[in-house]
Structure formats: structure tokens, C-alpha cells
Amino acid sequence: MRDAYHEELDSIGDGLVEMARLVGSAIGRATTAILDSDLKLAEAVIEADQRVDALQHELEARAITLLARQQPVATDLRIVVTSLRMSADLERSGDLAQHVAKLARLRYPERAVPHDLHATILEMGQLAQRLMAKAAEVIITKDVDLALQLEQDDDAMDLLHRALFQHLMDDRWKHGIETAVDVTLLGRYYERYADHAVAVAKRVVYLVTGEHADDLQSDIHPVTQAEGA
């Protein structure tokens with residue numbers, strides 16, 4: 001019975017890794033679809049999100065069954081509860097990738113992203129994919145140091161998001177209101193996607209240590225009196 005119980009716990013972790021890999025692939029393919037105005041690829045990304053949703057439902061069912069039958073405590077309870085929260089972050093990440101693909105479909109055969117912002121959106125998409133790949137690695141390895149690095153990596157996405165917004169506010173903007181709205185939405189999708197990847201990593205920190213990542217980081221890097229002044 002205990003062996004079966006721990007196998008079920010392991011299967012929840014495996015499901016989270018698969019979800020992370022699927023949504024990582026989704027944001028990469030959605031980025032290609034939006035930049036190349038690839039309708040076929042956009043449709044494939046949209047349809048593939050059903051698999052992510054199904055995985056989340058399967059994971060939730062397993063977790064609820066474990067809670068009901070085994071009544072886990074201490075670390076095991078933390079694994080189950082934290083896994084449920086991670087699955088929600090990953091499912092939302094899949095939705096955001098789907099939003100990018102839906103925008104590509106909406107604007108087809110036109111391109112939603114003007115040529116002068118192509119490189120920025122490409123970089124945001126690639127960074128989002130790297131962040132999720134690192135989140136998947138954190139789930140597998142339970143590496144707290146790697147998990148804590150993700151928040152620093154996310155700073156690069158915040159910089160890209162601000163640069164995108166500054167470009168939109170420039171008086172030389174010449175692409176019209178509709179494109180400005182599209183680009184604003186895209187920037188938000190990528191920024192939120194990155195936030196969910198960071199959230200997954202933070203939940204792994206809590207799973208391993210029993211402490212919240214923000215508290216752990218403040219212990220590691222205390223603010224000096226001069227810095228706080």
C-alpha cells in the first residue's frame with residue numbers, strides 16, 4: 001500500500017513535468033505563429049491546449065484521491081497541496097500561449113507584430129520558453145538554488161516588457177491603434193507567462209524547505225541599513 005502511495009505521489013510530479021514541457025513548447029510555437037502569420041501552426045497550438053487542461057484535471061483527481069484515502073501529513077501533504085497550485089500555474093501558462101496563437105489567427109493573413117518589433121517579441125518568446133524549461137528542471141531536481149535564480153532571470157522579461165511599452169508610447173509610432181492594442185496584449189501575455197514560471201519555481205522552494213521563496217531570499221540577501229535608507 002505504501003509503495004503504491006509513493007508511486008502515486010511520483011506520478012503527480014511526472015504530470016507536472018509533462019505539463020511544463022507542453023506549455024514550454026506551446027509558447028515557442030505560438031511565438032513562431034504570431035511572427036510568421038502561420039495559421040496552421042496557430043491552430044495546432046490552440047488545439048494542443050486541450051491536452052494541458054486534461055493533464056491538470058487528471059492531476060487534480062489524483063491529488064484529491066490521495067487526500068481522501070491517505071490523509072497525508074507533513075512533507076507529503078505539502079507535496080500534494082503545492083502540486084495542485086503548480087498545476088494551476090502551468091494550466092494558466094498554457095492559456096497564455098493559446099492567447100498568443102489566437103491573436104495570430106485573428107490577424108491572419110496579416111502579421112500582428114510590425115517588423116520593427118519582431119526582434120523584441122522573438123526575444124520575449126524565447127525567454128519565456130527558457131524560463132519554463134528551467135521551471136521543469138526545478139520540478140525534477142528540486143534544486144532550490146536554481147529555483148531562486150528564476151526570479152532574477154525574470155528581470156530580463158520585465159525589461160523587455162518595459163522596452164516594448166516605451167516603443168508604443170513613442171511619438172514616432174506609425175502602426176495605428178489596432179496594432180498598438182495587439183502588441184500591448186502580447187507583451188502582457190509574455191510577462192504573465194514568465195510570472196507563472198517563476199511561481200512554479202517558488203512553489204518548489206516551499207515544497208522542499210517549508211519556507212516561502214521570498215522569505216528565504218531575504219535571509220540569504222539581507223537588506224543592509226544603508227540599502228534600506
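Source: prediction; values computed, not measured.
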[X] to [Y] - nearest heavy-atom pair and separation:
X      : Y      : value
Ile34  : Ala112 : CD1-CB, 3.8 Å
Gly187 : Met124 : O-CE, 3.9 Å
Ala135 : Val200 : CB-CG1, 4.3 Å
Val45  : Ala97  : CG1-O, 4.1 Å
Val198 : Leu150 : CG2-O, 3.7 Å
Val17  : Ala136 : CG2-O, 4.4 Å

Which residues pass the salt bridge (Lys or Arg N to Asp or Glu O under 4.0 Å) test with Asp49, not counting sequence neighbours?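 So Asp49 forms no salt bridge (Lys or Arg N to Asp or Glu O under 4.0 Å) with any residue.
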
Please name all residues satisfying salt bridge (Lys or Arg N to Asp or Glu O under 4.0 Å) with Glu18, sequence neighbours left out, ordered by chain then number. Arg51

Between [X] and [Y], is there shared hydrophobic-cluster membership here, with clusters defined by ILVMFWY side-chain heavy atoms closer than 4.5 Å?
X      : Y      : answer
Leu146 : Val204 : yes
Tyr206 : Val81  : no
Leu22  : Tyr189 : yes
Met86  : Leu55  : yes
Val138 : Leu127 : yes

Distance-only, no hydrogens or angles: does the Tyr193 side chain make a donor-acceptor pair with backbone N or O of Val23 under 3.5 Å?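 Confirmed, Tyr193 side chain pairs with Val23 backbone.
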
Gap between atom [atom2] of [Y] and atom [atom1] of [X] - 0.5 Å precision:
X      : Y      : atom1 : atom2 : value
Asp155 : Met157 : CG    : CE    : 11.5 Å
Trp173 : Leu168 : CH2   : CG    : 5.0 Å
Ser11  : Glu58  : OG    : CD    : 10.0 Å
Ile139 : Leu207 : CD1   : CG    : 10.0 Å
Lys134 : Thr141 : NZ    : OG1   : 11.0 Å
Ile64  : Leu84  : CD1   : CG    : 7.0 Å

Start with the C-alpha gap between Asp143 and Glu137, add the side-chain angles, then the distance that decides, and say whether side chain to side chain contact (heavy atoms under 4.5 Å, CB included) holds. CA-CA 8 Å; Asp143 187 329; Glu137 186 178 351; over 6 Å; no

Side-chain contact, heavy-atom cut-off 4.5 Å: [X] with [Y]?
X      : Y      : result
Arg107 : Ser37  : no
Arg111 : Leu35  : no
Met132 : Leu90  : yes
Leu9   : Val80  : yes
Leu67  : Leu77  : yes
Asp116 : His175 : yes

Could you walk me through whether Asp170 and His167 satisfy the side chain to side chain contact (heavy atoms under 4.5 Å, CB included) test, starting with their C-alpha distance in whole Å, then the side-chain angles of each, then the deciding distance to 0.1 Å, before giving a yes or no? CA-CA 5 Å; Asp170 196 304; His167 196 100; 5.6 Å; no

What do the steps show when you test Leu96 against His196 for side chain to side chain contact (heavy atoms under 4.5 Å, CB included), and what is the final call? CA-CA 10 Å; Leu96 290 163; His196 284 294; 3.7 Å; yes

Looking at [X], I want to see if its [atom1] is surrounded by more than 12 non-hydrogen atoms of other residues, nucleotides or ligands under 6.0 Å.
X      : atom1 : result
Leu159 : CG    : yes
Glu123 : CD    : no
Arg85  : CZ    : no

Looking at Glu191 and Arg188, is any side-chain nitrogen of the basic one under 4.0 Å from a carboxylate oxygen of the acidic one? yes

Flag the pair Arg192 and Asp195 as a salt bridge only when some basic side-chain nitrogen lies within less than 4.0 angstrom of an acidic carboxylate oxygen.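 Yes, Arg192 and Asp195 are salt-bridged.
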
Under 3.5 Å, which donor-acceptor pairs link side chains of residues 24-33 to any protein atom two or more places apart or in another chain?
unit_1: Thr31; atom_1: OG1; unit_2: Ile27; atom_2: O; d: 2.7
unit_1: Thr31; atom_1: OG1; unit_2: Tyr190; atom_2: OH; d: 2.7
unit_1: Thr32; atom_1: OG1; unit_2: Gly28; atom_2: O; d: 3.3

Acceptor/donor pairs from residues 99-106 side chains to any protein atom, 3.5 angstrom cut, sequence neighbours excluded:
unit_1: His99; atom_1: ND1; unit_2: Asp95; atom_2: O; d: 3.4
unit_1: Arg105; atom_1: NH1; unit_2: Glu43; atom_2: OE1; d: 3.2

Stepwise, does the side chain to side chain contact (heavy atoms under 4.5 Å, CB included) test hold for Leu122 with Val113? CA-CA 10 Å; Leu122 176 61; Val113 180; over 6 Å; no

My understanding is that a hydrophobic cluster links ILVMFWY residues whose side chain heavy atoms are under 4.5 Å apart, including indirect links. Using that, what else belongs to the cluster containing Met169? Phe165

Passing candidate, side chain to side chain contact (heavy atoms under 4.5 Å, CB included) with Met19, options Val52, Asp53, Asp14: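 Between Met19 and the candidates, side chain to side chain contact (heavy atoms under 4.5 Å, CB included) is satisfied uniquely by Val52.
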
With sequence neighbours excluded, what pairs up with Thr75 under the side chain to side chain contact (heavy atoms under 4.5 Å, CB included) test?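 Here the qualifying residues are Arg78, Ile79.
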
